[in-house]
Amino acid sequence: MPFQYNEFYNEKTGLTVGINKQLFHEKTPFQTVEVFETDTWGNLMTIDGMVMLSEKDEFVYHEMMSHPALFTHPNPVDVLIIGGGDGGTAREVMKHPSVKRVDMVEIDEAVVRASKLHMPEVGDFDNPKLNVLYENGLTFVDGPEKEYDVIIIDGSDPVGPAVDLFKKEFYEKCHRCLKDDGVLVSQTESPFVADYHKSIRSVHKAISELFPVAKLFLTFIPLYPTGMWSMAFASKQVDPLSDEVLEKIVEKLPAFESTLKYYNKDMHSGAFALPNFVKEIIR
Ligand code: SPD
C-alpha cells in the first residue's frame, strides 16, 4: 500500500517522498539498510532512516564528489573511496582514462548488495579497475602510506560511527595515505541545517591545518535535507581553480562529457563560489 517516507531535519520539518512499496530491508551489524520504490524519484536507498541516494538525482552527488577532484589532480591513477558502497562514486571516477585502480572500502556488504539488486544502473561493479574491500574505512587509512592520488570520503551522515569521519585524526591519516600531489574530497552535509555546522567547521578546520589548499564547494541535491549540499576539498599542490586545471578540463572532458548530466567546466568553477552565510560557517 502506498505511504510516505519522511526524513525530518528539524522537529517536524523535513523531506517527504511518496513510496509505492518497500523493496529491501535489512538490519545489518552496522545499520539498517532500506530500498523503496518511490512515485517520483525511482528507487531510493536509506540508511538508518536517512536518504543516501535515489536513482533520479544520484548523478549530481556522484559527479560532484568525483570530477572536481579528478580534474584537479594532474594524473590520477590510484583512487581510494571510503564508503560509497552503492557504487555511484566509483562509476564516475572510472570514467577518467588515467585511473587504473579504485579501492572502495565499504564497511557493509548489504549496501553493495542492495544497490546491485535494486539500483542496477548506479554501480559499475564489473569494471576490472574496481576492488571492493569490506572493511572499516576509519581503520583502513591506518595502513597504506602515500599510496593514493585521490581520496573520496563518501560516507554517511555524522551520526553514530560516521562521526569519526568528520574529525581531524581521520584527515591526518588520509593526508598520510595521499601522494605528494594528492587531492581529497569529503561530503560535509547541508549548510542550511544548523546541527551540521559543527561537522562542516570541523572538517574545514582539519583540512586547512593539513593541506595548503582547503576549500568548500556546493551542489544541489533535491533529496538531501534542504537540497543544498557542501563538500570539503583539499589538495597538497594544485588549486582547483588554477588555469592548469581549467585547461585540463577543456582538453580531457570531451572524451566522456556526453555521459555527464551535471558536471561541466562552468559547474567546476561555479561550485566553489560560496554565499556569505556559508563563508561565515567556515570563517
Ligand atoms: N544525507 C546524505 C549523506 C550523504 C551520504 N553519502 C551518500 C552515499 C551515496 N553514494
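Counting starts at 1 for both ligands and their atoms, in listed order.
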Practice item. Measure the distances from the heavy atoms of G155 to every atom of ligand 1 and state whether one is below 4.0 angstrom. Key: yes
Point to revise | From the candidates I153, V122, D157, the one that places a heavy atom nearest atom 3 (C) of ligand 1 | key: D157
Practice item. Would you check whether Y61 has a nitrogen or oxygen atom less than 3.5 angstrom from a nitrogen or oxygen atom of ligand 1? Key: yes
Review point. To which protein heavy atom is atom 8 (C) of ligand 1 closest, and what is the distance rounded to 0.1 Å?
Key: D154 OD1, 3.2 Å
Review point. Does an N or O anywhere in L53 fall below 3.5 Å from an N or O of ligand 1?
Key: no
**Study point:** Sub-4.5 Å side-chain heavy-atom contact between D108 and V111
**Key:** yes
Check your understanding: Closest non-hydrogen protein atom to atom 9 (C) of ligand 1, residue and atom name please, with distance?
Key -> D86 OD2, 3.1 Å
Check your understanding: Any idea which part of W229 is under 4.0 Å from ligand 1, heavy-atom wise: side chain, backbone, both or neither?
Key -> side chain
Check your understanding: Does NZ or CZ of K215 come closer than 6.0 Å to the centre of the six-membered ring of F233, within 45° of the ring's axis?
Key -> no
**Study point:** Lys NZ or Arg CZ of K116 over F125 ring: under 6.0 Å, within 45°
**Key:** yes
Practice item. Report the C-alpha distance between K173 and E169 in whole Å, list the side-chain angles of each, state the deciding distance to 0.1 Å, and finish with yes or no for salt bridge (Lys or Arg N to Asp or Glu O under 4.0 Å). Key: CA-CA 7 Å; K173 292 175 185 175; E169 295 73 14; over 6 Å; no
**Study point:** With H175 via ring-ring contact (aromatic ring centres under 6.0 Å, His included) - residues at least two apart
**Key:** F211
Practice item. State whether the number of non-hydrogen atoms from other residues, nucleotides or ligands found under 6.0 Å of K252 atom NZ is greater than 12. Key: no
Check your understanding: Is the closest basic N to carboxylate O distance between E58 and R91 below 4.0 Å?
Key -> yes
Point to revise | Residue and atom name of the nearest protein heavy atom (relative to atom 7 (C) of ligand 1), distance in Å to one decimal | key: Y224 OH, 3.3 Å
Study note, to complete from the structure: Residues passing the side chain to side chain donor-acceptor pair (under 3.5 Å) test with W229, sequence neighbours excluded, are Q187
Revision key, fill the gap. V51 heavy atoms within 4.0 Å reach ligand 1 at atoms 1 (N), 2 (C)
Check your understanding: Looking only at N/O atoms, are Q187 and ligand 1 under 3.5 Å apart anywhere?
Key -> no
Review point. If Ile, Leu, Val, Met, Phe, Trp and Tyr residues are connected whenever their side-chain heavy atoms lie under 4.5 Å apart, and connections chain through other members, are V122 and L23 in the same group?
Key: yes
Exercise for review: Could you tell me whether M50 approaches ligand 1 through its side chain, its backbone, both or neither, with non-hydrogen atoms closer than 4.0 Å?
Suggested key: neither
Practice item. Would you kindly specify which portion of H62 sits under 4.0 Å from ligand 1, judged on non-hydrogen atoms: side chain, backbone, both or neither? Key: side chain
Exercise for review: Return a yes/no value for E189: is any of its N or O atoms, backbone included, closer than 3.5 angstrom to an N or O of ligand 1?
Suggested key: no
